[in-house]
Peer 1: 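Below you will find the structure I want to go over with you.
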Amino acid sequence: MEYDFRNIEANWRKKWAHDESYKVTEDTNKKKFYVLDMFPYPSGAGLHVGHPLGYIASDIYARYMRHKGYNVLHPMGYDSFGLPAEQYAILTGQHPAKTTEQNIARYREQLDKMGFSYDWSREVRTSSPEYYKWTQWIFGLLFNAWYDLDSNKTRPISELIEKFEDNGSYGVNAHMDEDWWKTYLLEADHIFSSHFEGEFTDTDWKSMSQAQKEALLMNYRVSYLADSLVNWCPALGTVLANDEIKDGVSERGGHAVEQKKMRQWSMRISAYSERLISDLDTIDWPDNIKEIQRNWIGKSSGARVRFQAEKEVTIEVFTTRPDTLYGVSFLTLAPEHESVEVLTTAEQRDAVADYVSNSKLKTERERMAEKKISGVFTGSYAQHPLTGDQVPIWIGDYVLAGYGTGAVMAVPAGDQRDYDFAKHFNLEIKNIFAESDLSEKAETSKEATLANSDFLNGMNYYAAFDAVCERLVELGAGEKRVNYRLRDAVFSRQRYWGEPFPIYYENGIPRLINTEELPTELPDVDAYLPTESGEPPLARATNWERNGMPMECNTMPGWAGSSWYFLRYMDPNNHSVFASEERIKYWGQVDLYMGGAEHATGHLLYSRFWTKVLFDLGYIPFNEPFKKMINQGMILGRSSFVYRIKDSNTFISFERRKEFETQRLYADISLVDNDKLNIEGFKNWLPEYANAEFMLNENGEYTCGWEVEKMSKSKYNVQTPDELIEKFGADTLRCYEMFLGPVEQSKPWDTKGISGVHNFLRRFHRLFLENETFSVSSEEATAAEMRVVHKTIKKITEDLERFSWNTVVSACMIATNELTDLKCNKRQALEPLVVLLSPYAPHLAEELWKNLGHSTSVMNESWPVAENKYLEEDNFEYPVSFNGKTRFFLSLPVGMSAADVEAQVMAHESTAKYLEGKTPKKIIVVPKRIVNVVM
RNA sequence: GCCCGGAUGGUGGAAUCGGUAGACACGCAGGACUUAAAAUCCUGUGACCAUUGCGGUCGUGUGGGUUCAAGUCCCACUCCGGGUACCA
């Protein structure tokens, strides 16, 4: 009876499904543990061997925690809204829901074959109305919320309205766009006086019309509609969030992106910047992800400084180096800066208009690519707040409108860009450093001593920072300021296949649809494209209205549904709330989150944001979603190549390829074994190779070349799990993917080693066989056998506790080898090993467990405990080294004192030889580790 | 440019607290079984020198340092991977 993995695996899969073995229910008598995988987008290509890497690791951990007695929540679902299904729909006219359905079926089939312990009764799909009903509901929560800076919390908008009724805006400290009030001064129907700077009284509030109130509240809402500068991608026909852009082009497709002012929904994530940074300290995530998030949020400490310009204009700048204030020789405004027009003098009008319109034409990418220094003088001056000097105001596109105030104080002495700008336009470079040579470049060190800086002379950055900020406060010309790079997130997409907003417009005022009426279902459309007039696809729907009032035509971005899905798994079929309070309380945070690092600035940031909102509003008792996270590395492909002699149909083996001029062509990796080409298979692969001739190597084989690349169809290097499961079984594949190396590490896929792992499972299986039939002995195991077992229990338990999945497989191999050598077939020794192996090879473990005579599943067995009595050894084999070089071994009793060990070593016959007649200076004895004789 | 990782045999990797570097596996070489092959089993396998046996020297990207002892800690550098950027 060989290891018949095909039958074993098929049978157990069937039985698990039939028994609903992995269904989990809330049980307050048991401790909970929540193991989660980042749910996949079900693409048409299906899974390749790289995808399940993280799933296998988390599944092993989930099974391990079950053995340890935890009630484990281990669900799976699909992030099923997304662009590929929509693009396929545009091409074929097929509804994206149908494509999605088919892809999900394929994914499920592949996932099932792997033997995962998912509770499929809890599956969620972000595109199902049952699910997105609650995504819409959460959108509503954010819409009906504002951010209170006093309590540092998200609060219901109703509280804000009460405050307005009582005392207007006085006493309200809300997070909002700093310049929000300026738009009110530009509007035709002035509701506030021209002195309005954001404060209004309860009388003002009460005198407003409903529409005016709503418009005002929009400045406070956490989810708000505003005209904002967005990243517009013409090729994709939609706006994109900052995290969907890489290197200035769209992450998906690599299309150009331009800045455009559009009326869009946004999320006030910037209000949460500080918490998103500081709470990173409370979670156990990989350092690099934390670092990426810190950089993305981009906290920088500095100061705001106000310069009084002509025509009653105040230019406010943000600087991280207020200590260099005396070095300011000009100001630079972004071309989009609001004061550009007012400050431009008549003489400069044409030049400025030219420059501004020119830079508007350029995309951000073009501006970045063009390293040329450009700028133009406005003709105006501003007064330096400390010296009173008049400094010229310039415009330059190296200043970004979206960061800080869109204006900088230029200190050529202390900033390289300012320096370059000054050199280029021949502007003044004031040396404000005592010992710095500015003939070549700026002095950017914070250690440099200041000079020509009045009361700051002799100080460096660290001393001068506070001193200058104090002075600025006294003068009312500035103050310390922390600035964040993180911008509010655009939440509208001009797409079909996404969540519709639960919003309709009453006379242009956005209104939220009541919870009872949700979900707002995605309407049918005749085509999945924008309308002729450029409206999003939803505008094509007939009846896309509510009581005659138009519905919002944008849909939500991909990250909406994925920002809270981990909560829905807790209570996936609840029709009255997104998840019940008791269940959220029971399951709590995700204890182990497994997924790719590529979501660092998207999904992982947005879920933290939504979690904080739900926490603030009292819906969940924790403010971070994922307590611990591990990122699995990417598995790369290993492409194979054949070498065709130019202008022929003859292929030459890799070793001899230099003999001719050859062309390197991909060969499908399924035709290559150990870099040796299956020649017949290759001929049958593509018609053009049917008559191919081969020049072989000296062993009569055709060797292929290879290269490590990303897996892709066009490179013929995609390894699907299906083929390997067919050939070796899921248990082998599970063990092998773990055996490849640390999960976090990226590594090339190489099928070479899989036979070794398969072999190990066969050898393990064979421990239970005698004369080809299942047979174990009930004799008591020997001390040596028990030592192997308990050593293995200890090792595997420690390895799993530190998430070292790969070394567990080695430990199992070692145990199998040792017990095979001991010819051990005793139940007492083998039973615990079956439990140890079951997280890795669940099918085989179940089969052996059943054959051992158990009627219950091995998955519920408690985890074996290593007992010291089996591990203790009487003697320790001391490596004895001389000056650090190990020379011989000496077996001594474990309990022997250091002094006795030293004496034994000195008495040893070999010692004299290695001492070479010298007297030891010192003898280091580390009990149960090493002896080192220093000469 | 800045920030964060990493570099160990022919290959993937192990070495958890500074304490025997190379576990485990692949590959390769040799052998057993076989008419043969597959499968299986056994032996060897970091490099160099020695080899009749003992053995010896070197060795974890490079150079330096700390230590009785360094893959592990410190300093400088090289290369590779990831993130990010006219961010003031």
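Labels below follow one simple rule: chain letters A, B, ... track the order of the sequence lines, proteins then strands, and each chain is numbered from 1. In what follows, every heavy atom counts, from backbone to side chain, and hydrogens, waters and symmetry copies are set aside.
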Peer 1: Which nucleotide wins on minimum distance to the side chain of Y398(A), given the candidates rA23(B), rC86(B), rG19(B)?
Peer 2: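 Closest of the options to the side chain of Y398(A): rC86(B).
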Peer 1: What is the base-pairing partner of rG59(B), counting Watson-Crick and G-U wobble geometry with both distances under 3.5 Å?
Peer 2: none
Peer 1: Name the orientation of the base relative to the sugar in rC54(B): syn if the glycosidic angle is within 90° of 0, else anti.
Peer 2: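 Anti, angle beyond 90° from zero.
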Peer 1: Salt-bridge test for R306(A) and E316(A): reply yes if a basic N is under 4.0 Å from a carboxylate O, no otherwise.
Peer 2: yes
Peer 1: Can you check the distance between rG71(B) and rG19(B), where both ends of the measurement are the C1' atom (answer in whole Å)?
Peer 2: 13 Å
Peer 1: Is V934(A) touching bases, backbone alone, or none of the nucleic acid, heavy atoms closer than 4.0 Å?
Peer 2: sugar-phosphate
Peer 1: Of all the nucleotides listed (rG13(B), rC4(B), rU20(B)), which has the minimum atom distance to the side chain of T886(A)?
Peer 2: rU20(B)
Peer 1: K752(A) NZ to rC24(B) C1': how many Å, rounded?
Peer 2: 17 Å
Peer 1: Between R763(A) and N817(A), is any side-chain donor less than 3.5 angstrom from a side-chain acceptor?
Peer 2: yes
Peer 1: Under a 4.5 Å cut-off applied to non-hydrogen side-chain atoms, are F330(A) and I393(A) in contact?
Peer 2: no
Peer 1: When we call it a touch if two heavy atoms are under 4.0 Å apart, what does N817(A) touch: a base, just sugar-phosphate, or nothing?
Peer 2: sugar-phosphate
Peer 1: Please state how far atom OH in Y3(A) lies from atom P in rA39(B), giving the value in whole angstrom units.
Peer 2: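 Y3(A) atom OH is separated from rA39(B) atom P by 18 Å.
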Peer 1: Starting at atom CZ of R294(A), determine the distance to atom P of rA85(B), rounded to an integer number of angstrom.
Peer 2: 18 Å
Peer 1: Who is the Watson-Crick or G-U wobble partner of rU84(B), with both distances under 3.5 Å?
Peer 2: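 Because both required distances fall under 3.5 Å, rU84(B) counts as paired with rG1(B).
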Peer 1: Rounding to an integer number of angstrom, what distance separates rU66(B) and rC75(B) when you compare their C1' atoms?
Peer 2: 11 Å
Peer 1: Among rA88(B), rA23(B), rC68(B), find the nucleotide with the atom closest to the side chain of S300(A).
Peer 2: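 When the side chain of S300(A) is considered, rA88(B) is the closest of rA88(B), rA23(B), rC68(B).
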Peer 1: Quickly work out the L325(A) CG to rA88(B) P distance and round it to whole Å.
Peer 2: 17 Å
Peer 1: Distance check, C1' atoms only: rA25(B) and rG9(B), in whole angstrom units.
Peer 2: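 Looking at atom C1' only, rA25(B) and rG9(B) are 14 Å apart.
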Peer 1: If you measure from the Lys or Arg side-chain nitrogens to the Asp or Glu carboxylate oxygens, is any gap between E798(A) and K794(A) under 4.0 Å?
Peer 2: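 The answer is yes: the pair qualifies as a salt bridge.
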Peer 1: Roughly how many Å apart are rA7(B) and rC17(B), using the P atom of each and rounding to a whole number?
Peer 2: 15 Å
Peer 1: Which base, if any, makes a Watson-Crick or G-U wobble pair with rA38(B), both distances under 3.5 Å?
Peer 2: none
Peer 1: Between rA7(B) atom P and K747(A) atom NZ, what is the distance in whole Å?
Peer 2: 14 Å
Peer 1: Judged by each residue's nearest nucleotide on RNA chain B, which is more toward the 5′ side, R929(A) or R762(A)?
Peer 2: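 It is R929(A), whose closest nucleotide lies nearer the 5' terminus.
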Peer 1: Answer with base, sugar-phosphate or nothing: what part of the nucleic acid does P742(A) contact at a heavy-atom distance below 4.0 Å?
Peer 2: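 Since only primed, P, OP1 and OP2 atoms lie under 4.0 Å of P742(A), the category is sugar-phosphate.
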Peer 1: Between D799(A) and T601(A), name the one whose nearest nucleotide on RNA chain B is closer to the 5' end.
Peer 2: D799(A)
Peer 1: Any base atoms under 4.0 Å from Q745(A), or only sugar-phosphate, or nothing? Heavy atoms, all strands.
Peer 2: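 If one applies the 4.0 Å heavy-atom cut-off, Q745(A) turns out to touch the sugar-phosphate alone, with no base involved.
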Peer 1: When you check the side-chain N and O atoms of Y484(A) and S270(A), is any donor under 3.5 Å from an acceptor?
Peer 2: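 There is no such pair (donor and acceptor under 3.5 Å, judged by atom type) between the side chains of Y484(A) and S270(A).
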Peer 1: In the structure shown, which nucleotide is the Watson-Crick or G-U wobble counterpart of rU20(B), with both distances under 3.5 Å?
Peer 2: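 rU20(B) is paired with nothing.
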Peer 1: Rounded to whole Å, please give me the gap between CZ in R802(A) and C1' in rA15(B).
Peer 2: 10 Å
Peer 1: What is the base-pairing partner of rG44(B), counting Watson-Crick and G-U wobble geometry with both distances under 3.5 Å?
Peer 2: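 Matched rG44(B) with rC28(B) under the 3.5 Å cut-off.
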Peer 1: Rounding to the closest angstrom, what is the interatomic distance between rA47(B) and rA38(B) at atom C1'?
Peer 2: 36 Å
Peer 1: Does a side-chain N or O from K922(A) land closer than 4.0 Å to OP1 or OP2 of rC68(B), or not?
Peer 2: yes
Peer 1: Checking one value: the base orientation of rG9(B), syn if chi is within 90 degrees of 0, otherwise anti.
Peer 2: syn
Peer 1: When you get a sec, tell me which of rU20(B), rU57(B), rA15(B) is the closest nucleotide to the side chain of R887(A)?
Peer 2: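 Nearest nucleotide to the side chain: rU57(B).
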Peer 1: Within the 4.0 Å heavy-atom criterion, would you say I924(A) contacts the bases, only the backbone, or no part of the nucleic acid?
Peer 2: base
Peer 1: As a quick check of understanding, evaluate side-chain hydrogen bond (donor to acceptor under 3.5 Å, both in side chains) for S300(A) and Y403(A), giving each step before the final call.
Peer 2: CA-CA 11 Å; S300(A) 54; Y403(A) 184 77; 3.0 Å; yes
Peer 1: Give a yes or no on whether a donor-acceptor pair under 3.5 Å exists between the nucleobase atoms of rC4(B), that is its base, and the side chain of N288(A).
Peer 2: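 Such a pair does not exist between side chain and base.
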Peer 1: Write down the distance separating the C1' atoms in rC3(B) and rA69(B), rounded off to the nearest Å.
Peer 2: 35 Å
Peer 1: Taking only the side-chain heavy atoms of N806(A) (C-beta and beyond), determine which of rA88(B), rG19(B), rG13(B) contains the nearest atom.
Peer 2: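 That would be rG13(B).
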Peer 1: Looking at rG83(B), rA15(B), rU40(B), which one has an atom nearest to any side-chain atom of I292(A)?
Peer 2: rG83(B)
Peer 1: Distance between the P atoms of rG6(B) and rA14(B), in whole angstroms?
Peer 2: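 These two P atoms come out 12 Å apart once rounded.
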Peer 1: Looking at R762(A) and D731(A), is any side-chain nitrogen of the basic one under 4.0 Å from a carboxylate oxygen of the acidic one?
Peer 2: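 Here D731(A) does not pair with R762(A) in a salt bridge, since their nearest N and O are not under 4.0 Å apart.
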Peer 1: Between rC2(B) atom P and K299(A) atom NZ, what is the distance in whole Å?
Peer 2: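 Whole-Å distance recorded here is 23 Å.
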Peer 1: Determine whether a donor-acceptor pair (N or O, by modelled atom type, separation under 3.5 Å) exists between the side chain of H603(A) and the backbone of E598(A).
Peer 2: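 No: the side chain of H603(A) does not pair with the backbone of E598(A).
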Peer 1: With both distances under 3.5 angstrom, what nucleotide forms a Watson-Crick or G-U wobble pair with rA7(B)?
Peer 2: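 Per the H-bond distance test, rU78(B).
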Peer 1: Pick base, sugar-phosphate or nothing for F889(A), based on heavy-atom distances below 4.0 Å to the nucleic acid.
Peer 2: base
Peer 1: How close or far is atom C1' of rA85(B) from atom CD1 of I297(A), stated in whole angstroms?
Peer 2: 17 Å
Peer 1: For rC24(B) and rA32(B), measure between their P atoms and round to the nearest Å.
Peer 2: 26 Å
Peer 1: Check every atom of rA15(B), rA88(B), rU84(B) against the side chain of W296(A) and return the nucleotide holding the closest atom.
Peer 2: rU84(B)
Peer 1: Among the candidates rA85(B), rU40(B), rC41(B), find the nucleotide nearest to the side-chain atoms of R763(A).
Peer 2: rC41(B)
Peer 1: Determine whether the aromatic ring centres of Y3(A) and H758(A) lie less than 6.0 Å apart.
Peer 2: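 Ring-ring flag for Y3(A)/H758(A): true, centres closer than 6.0 Å.
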Peer 1: So Y419(A), base contact, sugar-phosphate only, or nothing? Heavy-atom distance under 4.0 Å.
Peer 2: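 No contact at all - Y419(A) keeps every heavy atom at 4.0 Å or more from the nucleic acid.
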Peer 1: Using a cut-off of 4.0 Å on non-hydrogen atoms, how would the nucleic acid contact of R766(A) be classed: base, sugar-phosphate, or nothing?
Peer 2: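 The residue R766(A) makes sugar-phosphate contact but no base contact.
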Peer 1: Please confirm whether any donor atom in the side chain of K795(A) sits under 3.5 Å from an acceptor in the base of rU16(B), or the reverse.
Peer 2: yes
Peer 1: Which nucleotide sits closest to the side chain of E798(A): rG56(B), rA15(B), rU16(B)?
Peer 2: rU16(B)
Peer 1: Using a cut-off of 4.0 Å on non-hydrogen atoms, how would the nucleic acid contact of D418(A) be classed: base, sugar-phosphate, or nothing?
Peer 2: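 Counting heavy atoms under 4.0 Å across all strands, no contact is made by D418(A).
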Peer 1: Indicate whether the side chain of E440(A) and that of Y419(A) have a donor and an acceptor atom separated by less than 3.5 Å.
Peer 2: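 No, no side-chain donor-acceptor contact under 3.5 Å.
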